[in-house]
Structures are given as structure tokens and as C-alpha cells.
Amino acid sequence: MLPDRSRRKQIEQVVVTAEQMRQIEARIFAAGMPVAALMEKVGISIARRVQTLYPYPQVRRVGVLVGPGHNGGDALVVARELHFQGYEVLIYRPIAKLKELTNQHAQYAESLGIPHFEAIAPLQDCDLLIDGLFGFGMERQITEPIASDIHQLDRWSMPILSIDLPSGLHTDTGEVLGKAVKATRTFCLGLWKQGLLQDRALEYIGTVELIDFDIPTADIHAVLEAPKVKRVTSDLAIATLPLTRPPVTHKYKQGHLLLICGSRRYAGGALLTALGARASGVGMLSIAVPESLKPLLNAQLPEALVVGCPETDNGAIAQLDLPEGTDLESFQAIACGPGLTLEATPIIQGVLNNDCPLVLDADGLNILAILGTQKLSRRSSPTVLTPHAGEFKRLFPDAPSPMQDRISAVREAAQTSKAVVLLKGARTAIANPSGQVWINPESTPALARGGSGDVLTGLLGGLLAQATAQHISVDAIAACAAWWHSQAGILAERERTQIGVDAFTLTQFLIPVLHQSVG
Ligand SMILES: NC(=O)C1=CN([C@@H]2O[C@H](COP(=O)(O)OP(=O)(O)OC[C@H]3O[C@@H](n4cnc5c(N)ncnc54)[C@H](O)[C@@H]3O)[C@@H](O)[C@H]2O)[C@@H](O)CC1
Ligand SMILES: [K+]
């Protein structure tokens, strides 16, 4: 058995679908764990959390929403425990026919004198609601009268705590099945359900925490074969960062990154990409920009080698003018796209034809969408694409919509393009061509701001350039960059409010957030 802290760290990385959870659960029951005992264990853990978060007598009246299955059973255990702790408990039970175990708990609650109602109205004056209507594996649309009753909850103001998932959310896709409870907090049971990491679920789930009930890791491994879906926890990300260098090294051993970005019209994009790259700690940074941007870059990044390139009439890079003796394969990584404009198409064509690990963003992606992603399958070095939803649709018109099931969308895109795809969003999802998916579980809307993506491109390019010697997978590096970028946004927001995180400010929080996370 693993020591508790290390087990907990592993569990926090695991993401499951309903089918995988069902199989894991079946193994535990087949091994002899009684279903009723597990329900008891889970229900008591939730009741303890409720008592800590909403202690009696500050909170007195608790309404418990009970569905027909084992989610309802869990809720009834919570109801019973809170009743014994002095809370006044009221039960809403809209469906009369209950699963056997749930029915037993319902009978016992009745025998204790806990009132139950078929309608929602009697729960109106509760200080707190516990939602145990439906749990994982739900597929059917919520119908009347439950749909209207859930609609009623939207008009009330008390906090709602959902058990496992907010009732009405699809476990895998996060889709709302007609109507869903909007939770203040969700107690996800045992393992992270995939739907809780989908952007469209975020409006419903509130703060999510995992209630661990000691699922043996052997059962998890037995069911989850690679490729998997993983949460990018801070432990995972920090293990990927190039935080310590060998005592004897030199700048070229710490990676040489080439940025190709900017135009006369979009000078800021080049600057922000470069500042993101600087924070990565990359050993050498070369920046190819149109000639007229060279003084700006030189002034801001004295350590960088700025390559001024001949310009088109509109101020885009007309051709790459690398220093003598240097070609595109001299670098450990190239990152390009921000601010280039579509006039830089020949530059992107040239970069695609070369074998150097490559990050494409912004206009790099717009140009690739015109050239076609099939160009990527001929590359022998890894390519990372970092689209937002709009760019994604242009690049992968045949993939599932990135507005819906983002995990399927990003996985299919990576498989068809043979690239690592980083789909930006509230929960950025990253996939490699073999189907492995990573989800960045924490972020802030403060990052929804012009230029913040440019910072990520530079940061990712810098990490990629440093990693070639370390044999870390490219998708793990992309996941690490997404985590670092978001954590910097979260720290910046804490110090400067949600509206105070412009992209330049964000670059200034990249290193401080490491101090905080690494200690
Ligand atoms: N996974 C585990 O190992 C554990 C699971 N437990 C609980 O069990 C839950 C899953 O239990 P169940 O599989 O019984 O699932 P539910 O509690 O969601 O109940 C399913 C029942 O609801 C009915 N139903 C589904 N959709 C409906 C709809 N739209 N309208 C009306 N009725 C509908 C189904 O016919 C079925 O009878 C978990 O979420 C969790 O709360 C815990 O008790 C302990 C451990
Ligand atoms: K629920």
C-alpha cells in the first residue's frame, strides 16, 4: 500500500468516464466490499465535510434532494448523520420507487421522524441543500416535474452541495441533460469524473473537491489502460519543469529557441511571446522579427539575439535572414505565429519543411488552416498546435465541436494531424497523436485577454527547447506550460483583481508563481 500522501497525489491525477468508474466499482464489490458499507463510508465523509463547511447552529435547516438510485442513498446517509448532529433535515423525494438499498435508508429516515415531500416547495426556507438526485452514469434527459423543480432552485439563494456531480450533468461530456442543478460545491466521489473538467460544465459545478474513499490503486490501473485522461496537478507539472540544472553546463546546453513573430502592425505580439520565452529559463533566445521591430525587441530583451528580417510593404517578415552558419535545424525548438499576418505564409511553409520541434500559434495556425493539416504528417519532429476554439474549427472542420465535448475534439484532432494539440479554454485540454489527453484543472477568466496566448507560446517554446535533452514527452511539456501559465494568472488575479491581469502583467508573475508552488 502506498503512503497516504503519495496515493492521494496519484488519485488526483486520474480522470474517469462513467464506464470506467463502473468497472472499477465492480472490481471493489467483487473483491468483497459490501455496497452498503461503501455507501456508508462515502455518506459519512460527506456529512463530516458539510459539518465543517456549514456548522450547526450557524446553519440549521438542511434540505436533502433524494433520487431513486445510490446517489440518493448517499444523500440519505448524509441526511441521517446531519439529523443526529442536531440539524433540522427535510427530504425532497420526487420519485417514489427507490433502489433497494436507497429504500432501506429512506425507511430508516422516516422512522427517525425526518419529514419527506414529493414537492420542492417545502424546502424553500432551508439554509442549505444537498443534491443527491442523480449521480454518475446518468444518460436520460430530466423530465417533468423534476425539471421544473430544479428550475425553481435557480431562483432560490441558498448554497447547494452536489454529491458526485450536479444532477443532470452527463458524466463524460459535461452536457446538461435537459436541466441540471447549479451547485455551489460538488463533492466528486472517489475519482475525478471527466465531465467535471469540460468547459460547459463549469457554470454548474461550483468548487469541486474529491472525496477519497480509498479505491485501491491496483483496481484503477487494472481498468485504466493507456491512453488515459490526466489532470495536470501541480506535482505533475513541477516534475516536468527544468528547475535545476547540472552544475557544469553552458547556454547552448540549456536549449536554443527561435521565435518567429510580429509585424509592423502587431509588434506587441512579438514582445509578449519573447517575454513568455524569457521566463521559461531557456539558455539562448533568438527572435526573428521584421527589421523595423528590432529596436523595440532589443530595448526590452537585452539578452536575446534579435534577427531583423527584410519586410514586405505592409511590414510582415518577407524572408528569414538568419545569421551566417545558422539554419532552422540549429535550434532545439521554434515557436512562431503571434502577429505574423497571413503575408508570412512562405515563412511558415519553410518552417514546416524543416525538422525542428515546432510550436505554431495564431497566424501560424491560420496559415496552416489554409495549407492543410496533412502537411504535418510529413514532419519527423514534433509539432505543437495551440488553437483557441475558433482557430480549432478552422484547422479541424471535421472534428467534433470544441464547444461541446472538448476532450473528444482535441483527441481526434491530435490523432488525425499527428501533432500535439493544445486546445485553449477555461479548462485547456492537450492531446497527443496516441490519444493521451491532459486537462489543466485550474485557471481564471482573468486570462481571457488579448496577448495572453502569445505569452503561452513563448513559454511553451522555451520549455520545449530545454526539454529535448531530458526525454520528456512533448504533450507533458505542453501540459506543464498550460499549468504554469494559468497558475501565474491565478496569482496575478489574487494580487491585482480579475481585471488587473493584462498580458504584460502576466509575464511578470511567471517566476513568482514558481516561488509559491515549488517553495
Ligand atoms: N462509484 C462508487 O463506487 C460509489 C457510488 N456511490 C453512489 O452511487 C451513485 C451512482 O448510483 P446509481 O448507479 O444508482 O445512479 P443514480 O443514483 O444516478 O440513480 C440511477 C437511477 O435513476 C434513474 N434515472 C436515471 N436518469 C433518470 C431521469 N432522467 N429521470 C428519472 N430517473 C432517472 C435510473 O433509472 C436509475 O434507477 C454515485 O454517483 C454515487 O453517488 C456511492 O454510494 C458509493 C460508491
Ligand atoms: K448529484
Side-chain angles (χ1 to χ4, degrees), residues 11 14 16-31 33-47 63-80 92-106 118 129-150 153 160-172 175-196 201 204-206 208 210-216 219-220 223:
I11 293 273
V14 175
V16 289
T17 60
E19 180 50 33
Q20 289 165 336
M21 191 68 194
R22 220 171 269 132
Q23 289 177 24
I24 292 169
E25 181 191 61
R27 288 177 62 92
I28 299 171
F29 295 146
M33 180 70 176
V35 178
L38 200 56
M39 185 178 282
E40 195 66 15
K41 181 168 172 145
V42 164
I44 288 175
S45 298
I46 297 172
V64 180
L65 318 181
V66 173
H70 287 177
N71 198 248
D74 291 351
L76 285 163
V77 175
V78 177
R80 185 198 68 210
Y92 160 74
R93 232 176 60 193
I95 298 176
K97 196 172 169 347
L98 309 178
K99 276 192 182 173
E100 198 182 330
L101 186 53
T102 308
N103 194 39
Q104 265 181 296
H105 283 298
E118 215 177 295
L129 295 180
I130 315 273
D131 157 34
L133 283 175
F134 303 107
F136 83 86
M138 192 188 172
E139 307 240 308
R140 279 157 46 196
Q141 296 280 313
I142 292 206
T143 50
E144 294 300 346
I146 301 176
S148 293
D149 288 348
I150 294 179
L153 302 182
I160 307 180
L161 311 181
S162 283
I163 300 178
D164 215 2
L165 298 118
S167 299
L169 282 196
H170 191 284
T171 313
D172 305 346
E175 181 191 351
V176 174
L177 296 161
K179 187 73 198 155
V181 170
K182 281 196 175 147
T184 314
R185 184 178 285 264
T186 299
F187 296 118
C188 175
L189 303 182
L191 295 170
W192 283 88
K193 312 295 177 313
Q194 187 173 293
L196 297 171
Y204 292 86
I205 60 182
V208 189
L210 192 69
I211 301 286
D212 186 11
F213 60 79
D214 300 316
I215 299 178
D219 290 313
I220 301 172
V223 171

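If you're wondering where the values come from, they're calculated on a predicted model, not measured in any experiment. Hydrogens, waters and symmetry mates are skipped; everything else that's a heavy atom, side chains included, is used. When a ligand or atom number is given, it counts from 1 through the structure's own listing order.
- For a heavy-atom separation below 4.0 Å, the residues in contact with ligand 1 are Met21, Glu25, Leu38, Met39, Val42, Pro68, Gly69, His70, Asn71, Asp74, Ile95, Lys99, Phe134, Gly135, Phe136, Met138, Arg140, Gln141, Ile142, Asp164, Leu189, Phe213.
- Scanning both residues, Met21 and Leu189, for their nearest heavy atoms gives CE-O, 3.9 Å.
- Atom CD1 in Ile11 sits 7.5 Å away from atom CG in Leu210 (nearest 0.5 Å).
- Across Gln194 and Thr17, no two heavy atoms sit closer than the pair OE1-CG2, 3.6 Å.
- Among the backbone and side-chain atoms of Leu165, an N, O or S atom lies under 3.4 Å from the K ion (ligand 2).
- Annotation: side chain to side chain donor-acceptor pair (under 3.5 Å) contacts of Ser167 (sequence neighbours excluded): Asp131.
- Inclusion of Phe134 in the first shell of the K ion (ligand 2) is supported: an N, O or S atom falls under 3.4 Å.
- In this structure, Glu25 does not pair ionically with Arg22, as no charged nitrogen and carboxylate oxygen lie closer than 4.0 Å.
- Applying the 6.0 Å contact sphere to CD of Glu118 captures no more than 12 heavy atoms from other residues, nucleotides or ligands.
- Here the angle centred on the K ion (ligand 2), running from OG of Ser167 over to O of Ile163, is 170°, rounded to 10°.
- Side-chain atoms of Gln23 and Glu19 form a donor-acceptor pair, as typed in the model, at a separation below 3.5 Å.
- Note on Asp131: its N/O/S atom closest to the K ion (ligand 2) is O.
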